[in-house]
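Written below as C-alpha cells is the structure these notes are about.
Chain letters run A, B, ... following the sequence lines, proteins first, then strands; residues in each count from 1.
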Amino acid sequence: MKAKIEVFLKPEVLDPQGETIKRALHTLGYETVKEVRQGKVFYIDLEDENPEKVIEEIARKVLSNPVIEDFRWEIEK
Amino acid sequence: MKAKIEVFLKPEVLDPQGETIKRALHTLGYETVKEVRQGKVFYIDLEDENPEKVIEEIARKVLSNPVIEDFRWEIEK
Amino acid sequence: MGNRKVRFGVVVFPGTNCDRDTYHVIQDVAGEEVVYLWHGERDLKGSRVVVLPGGFSYGDYLRSGAIARFSPIMEAVREFAEEGGLVLGICNGFQILLEAGLLPGAMLRNRGLRFICRFEDLVVENDETPFTLLYQRGERIRMPIAHIDGNYFAEPRALAELEGRRGVVFRYLKNPNGSLNDIAGIINPRGNVMGLMPHPERASEAELGSTDGLRMFLSAARYVRES
Amino acid sequence: MKNLEKLLEEHNLTREEYERIKSILGREPNLVELGLFSVMWSEHCSYKSSRIHLKKLPTRGKYLIQGPGENAGVVEAAGKAVVFKVESHNHPSFVEPYQGAATGVGGILRDVFTMGARPVALLDSLHFGPLERPSNRAIMEGVVSGIAGYGNPVGVPTVGGEVDFEEEFSHNPLVNVMCVGIAEKEKIFYARAGKPGLSLIYAGAPTGRDGIHGATMASAEFGEETEHKKVNVQVGDPFREKLLLEATLEVMERDLIVGIQDMGAAGLTSSSSEMASKSGVGVDLYLDRVPLREEGMTPYEILLSESQERMLMVAREGKEEEIKAVFDKWGIDAVVVGKTTEGDRFRAFWHGEMVADVPVKSLASDAPAYERPYKKPNPDETWKESWTRERDWEDALKRILSSPHMASRRWIYQQYDHMVQTNTVLLPGAGAAVLKIKGQKEGIALTIDANPGWGRANPEGAAVLTVAEAFRNLACLGAEPLGITNCLNFGNPEKPDIMGQFVATVEGMKRALEFFEVPVTGGNVSFYNETQGKAIPPTVTIGAVGLVEDYMVIPRPGRVEEGMGIFLLGWTGRDLGSSLYLKVVLGEEGGRPPEINLERERLLQRELIHLAREGRFAYAVDLSPGGLLPNLAEALFHIGMGAELSIETEDEEVYFLFGESPSRALVFASGDLEAEVPVKKIGLVKGERLTAYVNGRKKIDLPLEELKKDWENFFPSLFDR
Ligand SMILES: Nc1ncnc2c1ncn2[C@@H]1O[C@H](COP(=O)(O)OP(=O)(O)O)[C@@H](O)[C@H]1O
Ligand SMILES: [Mg+2]
C-alpha cells in the first residue's frame, strides 16, 4: 500500500525558504500570494499488516522534528 | 484561499534522499517499507480571482524543474 | 588585437559568495579587466566574458539556482549567449545555467547527502572549447569542489546527445557525488556556454594548492582576443 | 501583581534582586520592566557571577587594539585590524542541534561584522557524549550539519576546530564557535549611540516570538521542565545573514552610521540600552514600528525577542534615507524604531503609550555582581606504577589512532566550505589554519583548543596547559601569538564546587597569559551546563590568533622529503595521567595531568618560531594529546611517507612513546638541527612503513596504509553507512 506523510514547520517557526519564495513570486508579479510555507512530503510504499501504526510512528519518530515541526499522514489504499 | 502544491521527482529520477531514508528505516527495524520518495510541498495563501490559473502557473514555471520533477496541486477552499 | 585586456563581467546575485574571489583572480592573477554585474540590472557593461560565480543565490532555497534564473540580468545573459558571447557558470553559476535552460540537465542532491569541500582530480575531456584551449585533452587537473547539489542528472536521450557531441568538458576521476557519467562540467552545442561544479578560481594561486584553474580564465581571454 | 513568587521564578530573579529593582525605580516594576531586568540581569547578559573574576585577566598587549567589552576583540596584524571572538551555543544545540549550532554561527558572525570587519574565518570547538549512544550521534550530526548549513551559504570558510567526547557531554554538549574578521584599523565600529537626537534604525529580519527568554534559559540548569522551553527554538536564515552582512559593511563603508550593535541575547533591549549606556544618553523606542513576523505580539515580547539576523544602528544625522536605500538594495528591511535622548532613561512606547521607563544604566551596567562562595578543587594527583608496564605498542598505537579522540576529522571539515574567499593557505587537517591577507606578505594563523579531561583533573593546570598548547600550535607554524579569546564552560555557579573550578580556571589562564604577555581580547562564559545535578567537566576553550611573517614559506607536510630527519625538541617527563593512553588503552579516567614548566615552554616556542621563520624545517607538530607515536603517525599520514625510528630512553618506554609532556614538538628537517632546547634525532622519513626500534629492539613495524585506514574510517563508518 502507499502512504503519504507531510511534515511542515509549526506556524510560529520562521520559514526562510517560504519567505524567500514569496518574495520571488512578488517580483515575478504574483502579488496575490499572501504567504508561502514550505514543507516536506514523503511517499512511502509499504506492505504491512498494521500500516497506520507504522506510518504514524515513522512520521513521529523518524521524519519529523517535534521541536519545530508537525506532521500529518494518510494511507492511500 | 489556501492552495497546496506538491513537487516530486519523476519516477525515473533517482532520489538520494528517499533512498537514504529507506535504508535508515530498515536499520531501525521498519522492514516492511519498500520504497521512500521525498518531495516538497508548498502551502500557499492567496487572494485571487483566478486561483487555479495562478497556482498552476506558479507550480509549473517557478516551483518545479521539468527536467526532473512533476507536480500536482489543489485548492483547499 | 594585440595585448588589450579582455573585460570580464562577474554577476552578483543575492547570496552569491564567490564573486569577490572570482573578481580577484581575473584582475590580480589573470591580469584582465573585470566588472561586477548586479542581478537587478540588464546591462552587461561591455563584458566579453560573463561569469556566474559560486555561492548560494537566494540561499539555494527552493532548489539551487532556481530563483536566480528569473533575475533581470539573466535576460541579458541569455541574449548575450544567443549572440555567441562567452558565459561561464561556476558551481552555483552552473546550477543557474541548468535551471535557466542554457545548459541541459539538472542537479540532484549529492549521493551521500552531505556538502563536500575538497580537492578533486579531473580529466579534461574537450580541449577545443573557448575555456579549455590551454588544456590538453586527457590531461589530469586538480580543483576544489564545494557543494551539496552537484549530482548531475540528464535523461538518457539528453545524456546521449551530450556525450555524442563531446559536450562533456570535465569528468571526475573519482566520482564524489553520484553525477551521471562522472560529469563535472559541460558545454552547450554552440560551444560558448560552459558550466562546471569545481572552482577554478580556488585553483589559480600556487599557495592555495593548485594553479590548474587559472588557465580557464586565460583561455577565455585569449579566445576573445583572437576572435 | 499576580503571585509574586511565581512571577519571579518565571523570570529567574531572586527576591533580593526584585527589591533592588524596586529601589532603583522607586516603585514596583510593571510586567514589561520586570522582563527587561530579568534578561539584562540574567547570568548570560550580565556575567553577574563571573565579572569580578574575569577582571583579573590581562588585557594589555603590544598588538592590542580593543580588549574585552565590545562585541569582539581586536588586535593588529600586518597593519590591519583582526577582529575575533568565541561564543557558546551549548543549550540551544542540545535542544535542537542543527538550528542551535546554525544560529550560534550566525550570532558570532554578527559580533564580528558589527565591528566593521569582514568575517574571514570560522572555527569551532565541539564536545559531545560518547558516540556509542545514538542520541549523541544525532546531536553531533545535527551540530556539524548546522554549522555547515549556516557558514557555507554566508561564504565564510570554517577553517579549523576541534572535537572530543566525554560522558558528561551527553546531556550538555558544547558548541563553541569562533569567528575572525579583518578590518581597516581606522574603520572599526563600536557599540555607541553618539549624542541625543539620533535615529535608531532596526535592520534585518522581522521580529517573532523566537527565543523569548533565551538568555534566561541559558542561565538555568536543565531539569524536568526543559520540555516546555523547547518552543524557544530559533531558526536561522543564512541567506538573510549574508545580505545583512553586505548591507551593514556598505553603510559602514559609506560612513552613514555612528554606532551599531547586533541584536543577540535580549535583542532590542540589550542592543539599545548598551549603546545608550556607553554614550551616556537615553533612548526612546517606538515598539509599534518594529517589523513583526507574528500577529498579536506584545511590547514585552518585542523587547525580549531573540529573533536572528537583526541589527540596531544609530544613524548619522540626516542619513536615515541613505541607510534605508542601502538596505533596500540588499533586500533587507530597515526602519527607524527610536531615537537617542537627553538624560538617562530607557523608555519604550506602544502606540504612544509609555510601557517601560527605567534608567539605562540600571539595565546595562548596574546589574548585580556576585561574589559567590567557592571551594577550590583538589587536583587529581593519582599516579600508578601499573600504568608504566610494557605492552604491545603496536596495538596501543592502533587503538589510539582509531579512537574518536584522535581519528581523522575529515568527515567533519569536508562538510564545511573551508576554501571560500581564497585565503586558506593551510587547509584543515594538519594543525592550525593559516590564512593569507590579500595584498600582504603576512598571514594569520588560527587555532582553537580545549581539553576537558585535564579540566576535570585540575582546572587551573588545564587552563595553563591549554593556553600553552594553543600557542605551541601557532609556534609550529612560525606564528607569534597576538591575542586570545576564550569560552569558559561550567556547571551551576551557585554551587561552591563549580564556582571553585571557575575561579581556579581563571587564575590558571591569568598566570599563563601574564607569563606569555598575551592579552585576552574577549570571550564568553557559559554556566549552568548541568543536567539533573550533573555538571560537565570545567572546560576552557582558547581561541588564538598568531602572526605569520610570510605565508609563502610556512612549514607544511607537503615540504617534507624522503630522507629528512625527524627530531624531537623539548623535554620528556613522566606525564601519563589523564592521557589518551590511559583512557583508550588502559580504560582509566583521570590521573595527574602533565606538569608544565613555563620557562621551558617559552624557550621551545621561541625556538620553533625562530627556526620556522628561518626556513630551517619543513614541518612540525605538537605532541599533545596522544603523545609521540600517535602524533608522529598522524604527521606521516599528511606527509604520505613512512618513517624509521630509533629511540633510546632510560625511563619506562611508555613515557616516551605515549606520554603527554608539553613543551615538545616533532620537527622534520634535512641536515642537522641545532636549537637552544634539547634536540634528539629519532629517525628518518623513509618508505611506506612505520618502524620503531626502542633501545635497539624492534617494537613497531606496520604498513602506514593499514594504520591510516582505521584512522580515516572512524567517523565515515559511524555516520555514512
Ligand atoms: N569541529 C571541527 N571543525 C573544523 N575542523 C576541525 C574540527 N575538529 C577538528 N578539525 C580540524 O581537524 C584537524 C585535526 O583536528 P585535531 O586532531 O582535533 O587537531 P590538532 O591538530 O590540534 O590535534 C585540525 O586541522 C582541525 O582544525
Ligand atoms: Mg553582540
Side-chain angles (χ1 to χ4, degrees), chain A residues 1-11 13 15 17-65 69-76, chain B residues 1-11 13 15-64 69-76:
Chain A
M1 62 212 77
K2 290 187 190 302
K4 184 162 95 175
I5 301 174
E6 273 174 55
V7 176
F8 43 92
L9 288 168
K10 291 181 179 170
V13 174
D15 175 12
Q17 312 220 37
E19 193 50 41
T20 304
I21 294 167
K22 181 180 85 181
R23 283 190 182 219
L25 289 174
H26 286 183
T27 329
L28 291 172
Y30 299 104
E31 273 149 22
T32 54
V33 170
K34 299 296 157 218
E35 203 186 347
V36 180
R37 305 275 294 172
Q38 180 171 345
K40 293 180 213 157
V41 52
F42 302 89
Y43 308 93
I44 298 184
D45 260 11
L46 86 168
E47 279 163 29
D48 201 286
E49 291 176 1
N50 203 345
E52 284 81 5
K53 181 172 159 290
V54 170
I55 289 297
E56 207 277 339
E57 218 174 274
I58 289 178
R60 186 162 41 80
K61 286 206 217 156
V62 185
L63 298 181
S64 69
N65 174 352
E69 292 169 331
D70 284 330
F71 61 86
R72 66 176 148 248
W73 54 269
E74 67 196 56
I75 303 235
E76 288 187 355
Chain B
M1 62 211 78
K2 288 187 192 302
K4 184 162 96 177
I5 301 175
E6 278 174 49
V7 176
F8 43 91
L9 288 170
K10 290 180 178 174
V13 178
D15 173 10
Q17 279 156 308
E19 269 301 303
T20 305
I21 294 168
K22 184 178 84 180
R23 254 184 289 135
L25 290 174
H26 285 183
T27 329
L28 292 171
Y30 299 103
E31 272 147 25
T32 54
V33 170
K34 300 297 159 215
E35 203 186 345
V36 181
R37 307 274 295 171
Q38 180 171 344
K40 294 176 202 157
V41 53
F42 302 90
Y43 307 93
I44 298 186
D45 260 11
L46 87 167
E47 279 164 29
D48 201 285
E49 291 176 0
N50 201 345
E52 284 81 6
K53 181 171 157 291
V54 170
I55 289 296
E56 208 278 338
E57 217 174 274
I58 288 178
R60 187 162 39 78
K61 285 210 223 153
V62 184
L63 298 183
S64 69
E69 293 168 330
D70 284 328
F71 60 86
R72 65 175 151 250
W73 54 268
E74 66 195 59
I75 301 230
E76 288 188 356

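The CG atom of B:Asp48 lies 10.5 Å from the OH atom of A:Tyr30; values are rounded to the nearest 0.5 Å. For the atom pair A:Lys4 NZ and B:Phe8 CZ, the distance stands at 9.0 Å (nearest 0.5 Å). Rounded to the nearest 0.5 angstrom, B:Gln17 CD and A:Lys40 NZ are separated by 8.5 Å. To the nearest 0.5 Å, atoms CD (A:Gln38) and CD1 (B:Ile44) are separated by 10.0 Å. Atom CG of A:Leu46 is separated from atom NZ of B:Lys22 by 12.5 Å, given to the nearest 0.5 angstrom. For the atom pair OG1 of B:Thr32 and CG of A:Asp45, the computed distance is 11.0 Å after rounding to the nearest 0.5 Å.
Contacts between B:Lys61 and chain A at a heavy-atom distance below 4.5 Å involve the side chain alone, from C-beta outward. For A:Val62, the part lying under 4.5 angstrom from a heavy atom of chain B is the side chain only. Heavy atoms of A:Phe42 lying under 4.5 Å from chain B belong to its backbone as well as its side chain. At a 4.5 Å heavy-atom cutoff, the contact between B:Leu25 and chain A is made by side-chain atoms alone.
At a heavy-atom separation below 4.5 angstrom, chain B is approached by A:Val54, A:Glu57, A:Ile58 within residues 51-60 of chain A.
The shortest side-chain heavy-atom distance between A:Ile21 and B:Leu63 falls under the 4.5 Å cut-off.
Within a 6.0 Å radius of NZ in A:Lys34, more than 12 heavy atoms belonging to other residues, nucleotides or ligands are found.
Here A:Gly39 is the residue among A:Gly39, A:Ala3, A:Gly18 with the most heavy-atom pairs under 4.5 Å with chain B.
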